[in-house]
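Data block below; observations after.
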Amino acid sequence: MFDCIHASKPGGCGETIHCKACTIRNTVEETFETGRSFHRIPATLKVIKKAETKDIASYISTEKSGDFVILKIEELLIP
């Protein structure tokens, strides 16, 4: 779980209506289903820290390895 603002909602991380637009989730799922790797895809995660909402921007890369997807988070930009 990435601690996004929707992860604590019923269903949890990956199972809310908001997750359908999640770049991280969608990229990992596509890599798992197709085997296609992605490199440096821009992704933003909305989190709540100390009662303040923040957008955390990064680049993600994915690669399939057997029955798993390796997710690499690069250049985490925390405001």
Side-chain angles (χ1 to χ4, degrees):
M1 183 167 67
F2 288 100
D3 202 23
C4 94
I5 62 171
H6 305 295
S8 62
K9 294 180 178 172
C13 183
E15 299 298 325
T16 74
I17 187 113
H18 308 283
C19 301
K20 292 179 193 264
C22 177
T23 301
I24 297 170
R25 177 181 183 264
N26 292 334
T27 305
V28 169
E29 283 186 350
E30 184 167 345
T31 298
F32 185 77
E33 292 170 6
T34 68
R36 178 179 172 206
S37 295
F38 291 88
H39 181 68
R40 293 185 59 82
I41 304 297
T44 302
L45 192 65
K46 190 175 289 293
V47 300
I48 296 178
K49 294 292 182 188
K50 298 180 182 175
E52 187 178 337
T53 302
K54 293 184 178 186
D55 287 334
I56 299 176
S58 64
Y59 293 99
I60 63 167
S61 297
T62 58
E63 177 182 340
K64 190 166 184 182
S65 178
D67 290 334
F68 297 93
V69 173
I70 299 166
L71 170 65
K72 182 177 180 182
I73 301 172
E74 309 170 73
E75 295 185 37
L76 194 61
L77 307 170
I78 302 173

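The shown structure was predicted, so the numbers you read here are calculated from the model rather than taken from an experiment.
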[atom1] of [X] to [atom2] of [Y]: how many Å apart, nearest 0.5 Å?
{"X": "Ile56", "Y": "Ile73", "atom1": "CD1", "atom2": "CD1", "answer": "10.0 Å"}
{"X": "Thr53", "Y": "Ile48", "atom1": "OG1", "atom2": "CD1", "answer": "4.5 Å"}
{"X": "Ile5", "Y": "Leu45", "atom1": "CD1", "atom2": "CG", "answer": "9.0 Å"}
{"X": "Ile70", "Y": "Ser61", "atom1": "CD1", "atom2": "OG", "answer": "11.0 Å"}
{"X": "Glu15", "Y": "Lys20", "atom1": "CD", "atom2": "NZ", "answer": "9.0 Å"}
{"X": "Arg25", "Y": "Cys4", "atom1": "CZ", "atom2": "SG", "answer": "11.0 Å"}

Shortest non-hydrogen contact between [X] and [Y], atoms and distance:
{"X": "Cys19", "Y": "Cys13", "answer": "SG-C, 4.4 Å"}
{"X": "Thr16", "Y": "His6", "answer": "CG2-O, 3.5 Å"}
{"X": "Gly35", "Y": "Lys64", "answer": "CA-CD, 4.0 Å"}

- residues 24-47 vs ring-ring contact (aromatic ring centres under 6.0 Å, His included), sequence neighbours excluded, gives none
- Could you walk me through whether Thr44 and Thr23 pass the side-chain contact (heavy atoms from CB on, under 4.5 Å) test, one step at a time? CA-CA 8 Å; Thr44 302; Thr23 301; over 6 Å; no
- Message: Is there a path of hydrophobic side-chain contacts, each under 4.5 Å between heavy atoms of I/L/V/M/F/W/Y residues, joining Ile60 to Val47?
- Response: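 Yes, it is one cluster - the side chains of Val47 and Ile60 are joined through contacts under 4.5 Å.
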- Joint hydrophobic cluster, Leu71 plus Ile41, side-chain heavy atoms closer than 4.5 Å: yes
- Query: Looking at residues at least two apart in the chain, or sitting in another chain, which of them share a side chain to side chain donor-acceptor pair (under 3.5 Å) with Thr62?
  - Reply: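 For Thr62 the side chain to side chain donor-acceptor pair (under 3.5 Å) partners, ignoring immediate neighbours, are Thr31.
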- Query: What residue pairs, at least two apart or across chains, pass salt bridge (Lys or Arg N to Asp or Glu O under 4.0 Å) with a residue in residues 37-47?
  - Reply: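 For residues 37-47: Arg40-Glu74, Arg40-Glu75, Lys46-Asp55.
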- Item | Atom NZ of Lys72: over 12 foreign heavy atoms under 6.0 Å |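 Atom NZ in Lys72 is not crowded, with 12 or fewer foreign heavy atoms closer than 6.0 Å.
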